[in-house]
Amino acid sequence: MKKVPSADDLLSMIEIGSGNLASIGEFARRRLGNGAQRVFIVSNKKVFGLYGRQVETSLKKAGFLTATALIGDGERFKTLRSAERVLAAMAAARIERTDAVLSLGGGVVGDLGGFAASIYLRGIKHIQLPTTLLAMIDSSVGGKTGVNASFGKNTIGAFHPAAGVFADVDCLSTLPEREMTAGACEMVKHAALAGKGLLKRTQAHFSCRSQPEAGERLVSLVRENIAFKAMVVDQDPFEDIKRTDGRSRKILNFGHTLAHALEKVTNYRYFRHGEAVGYGILYAAELAKKLAICDKQSVELLYDVVHSVGALPSLAAIEPRQVFEAFQFDKKNISGSLQMVLLRGIGRPIILSGDKIPPKTAFSTLEAFLKLQK
Ligand code: NAD
Ligand code: GLY
């Protein structure tokens, strides 16, 4: 691996804690400097209702003027239309180039707020305040921002890394169980790519999360996940299309070939994305075992860990043929050929092009996998 960001690098722009929400103002001041006068908060009604007041109070205490735009709740509001409304509200609030956007919410709010920040006056600073587990460990880190369009999810966007990421894991206490499981599946994805140590710590946390020290454990797991993602991003910040080595940013798509297909055949209404990734991890593991790339013990460990993080929706109504056809539409396909991230073992990702995976094997493994889950 090229460069592991030092703890100092990370700590200077990321603050993760438990019960630290009231210090967001000081954090924003440190990250934005004294030149920034206004912080424009992007959120939704639900999250702002839970945490908005505390965030505003803290920003004001640190000397900022604040203004807010609330977008609708859910993926269907991650659109250019919502972004345009946010941009108009930013202009009405007289946000200037030295000011910043702060996204308070899950990945939908973070992606849209970051996108608005990336294009307003050709780009102003963005602070992420993620309030879902998925946003804490994944979407707030790495600089991908954007919105959905009629022609696909996340097809309009920009790379615009946040000037700071601030998270209070206590915000997760109000998160619905399914959202927690979805974020935890993305944690399993990171851990499977990172190595056995993180995978075992992830399993240990989710197997006994009611213990008193669970909060502290979660803070360090979130930190480790962010450090891992930051390291991968650092090696390939713009996801070079030509790269197929194990250090490419594309490895973060582990589990996503089946996940995208499952979401597509259920019209994006049945699974939370992370839940589909949970199944995607297991299918990729089964396929790697079938291709004699990955050992049985690693596959069994992945089953144990995915099952430890929470219940996944039933696959009983899912048609293997339909899912297999949806594989061809995976956004990550390059020149029409499927690319799939598989593991040689825990912590040993490889990217295989579709021509190295016999379609018959991929299909029979899929059929058997779906049957096993029913
Ligand atoms: P989300 O933003 O839709 O949030 C899930 C739900 O939880 C929403 O209803 C939200 O209002 C609610 N919520 C958020 N925080 C809460 C809290 N603390 N308490 C109670 N409810 C809360 O979903 P998500 O899973 O956070 O993010 C998914 C989005 O992230 C997708 O649009 C996906 O494309 C994007 N994403 C982006 C990246 C990236 O690198 N930019 C990576 C992964 C995912
Ligand atoms: N979530 C995948 C990436 O950020 O590249």
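In what follows, residues are counted from 1 in the order of the sequence shown. Counting convention: from 1, in listed order, for ligands and their atoms alike.
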Discussion item. Can you tell me which residue among Arg249, Arg247, Arg243 is in a salt bridge (Lys or Arg N to Asp or Glu O under 4.0 Å) with Asp245?
Written reply: Arg243
Worksheet item: Do Leu121 and Ile41 belong together in a cluster built from hydrophobic side chains that touch within less than 4.5 Å?
Response: no
Worksheet item: Do Val108 and Leu50 sit in the same hydrophobic cluster, where Ile, Leu, Val, Met, Phe, Trp and Tyr count as joined when their side-chain heavy atoms come under 4.5 Å apart?
Response: no
Determine, considering heavy atoms only, which of [options] sits nearest to [atom].
atom: atom 34 (O) of ligand 1; options: Lys78, Lys45, His273; value: Lys78
atom: atom 43 (C) of ligand 1; options: Ile71, Asp138, Leu133, Thr132; value: Asp138
atom: atom 38 (C) of ligand 1; options: Ser43, Ala182, Ser139; value: Ser139
atom: atom 30 (O) of ligand 1; options: Gly107, Pro176, Pro130; value: Gly107
atom: atom 44 (C) of ligand 1; options: Val233, Leu175, Leu134, Val109; value: Leu134

[X] heavy atoms, cut-off 4.0 Å: which ligand 1 atoms fall inside?
X: Cys171; value: 17 (C), 18 (N)
X: Val108; value: 1 (P), 2 (O), 3 (O), 27 (O), 29 (C), 32 (O)
X: Leu50; value: 19 (N), 20 (C)
X: Asn154; value: 34 (O)
X: Lys229; value: 40 (O)
X: Arg272; value: 3 (O), 5 (C), 23 (O), 25 (O)
X: Tyr51; value: 18 (N)

Backbone of [Y] reached by a side-chain donor or acceptor of [X] within 3.5 Å:
X: Thr57; Y: Arg53; result: yes
X: Thr266; Y: Arg269; result: no
X: Asn20; Y: Ala167; result: yes
X: Ser43; Y: Leu104; result: yes
X: Ser18; Y: Gly215; result: no
X: Ser364; Y: Lys360; result: yes

Worksheet item: Of the protein's non-hydrogen atoms, which lies at the shortest distance from atom 21 (N) of ligand 1, and what is that distance?
Response: Lys46 CE, 3.5 Å
Fill in: Closest approach of any protein heavy atom to atom 10 (C) of ligand 1, naming residue and atom
Asp73 OD1, 3.6 Å
I'd like to check whether [X] has a polar contact with ligand 1, where a contact means an N/O of the residue lying under 3.5 Å from an N/O of the ligand.
X: Arg249; answer: no
X: Glu179; answer: no
X: Glu75; answer: yes

Worksheet item: When you measure from the centre of the six-membered ring of Phe363, is the NZ or CZ of Arg321 under 6.0 Å away and within 45° of the axis?
Response: yes
Discussion item. Under 4.0 Å between a side-chain nitrogen and a carboxylate oxygen: does that hold for Asp111 and Lys78?
Written reply: yes
Practice prompt. Tell me, please: is Glu186 in heavy-atom contact with ligand 1, that is, under 4.0 Å?
Written response: no
Practice prompt. Tell me which part of Thr145 gets within contact of ligand 1: side chain, backbone, both or neither, using heavy atoms under 4.0 Å.
Written response: neither
Worksheet item: Where does the angle between the aromatic ring planes of Tyr279 and Phe271 fall among parallel (under 30°), tilted (30 to 60°) and perpendicular (over 60°)?
Response: perpendicular
Response to the item:
Close residues (non-hydrogen atom under 4.0 angstrom from ligand 2) work out to Asp138, Lys144, Lys229, Glu239, Arg249, Leu252
Item to complete: Using distance alone, with no hydrogens and no angle criterion, decide if His126 and Ser103 have a side-chain donor and acceptor under 3.5 Å apart.
Response: yes
Worksheet, complete the sentence: Heavy atoms of Val147 and Ala83 approach each other most closely as CG1-CB, 4.5 Å
Practice prompt. Quick one: list whatever passes ring-ring contact (aromatic ring centres under 6.0 Å, His included) with Phe238, sequence neighbours left out.
Written response: Phe159
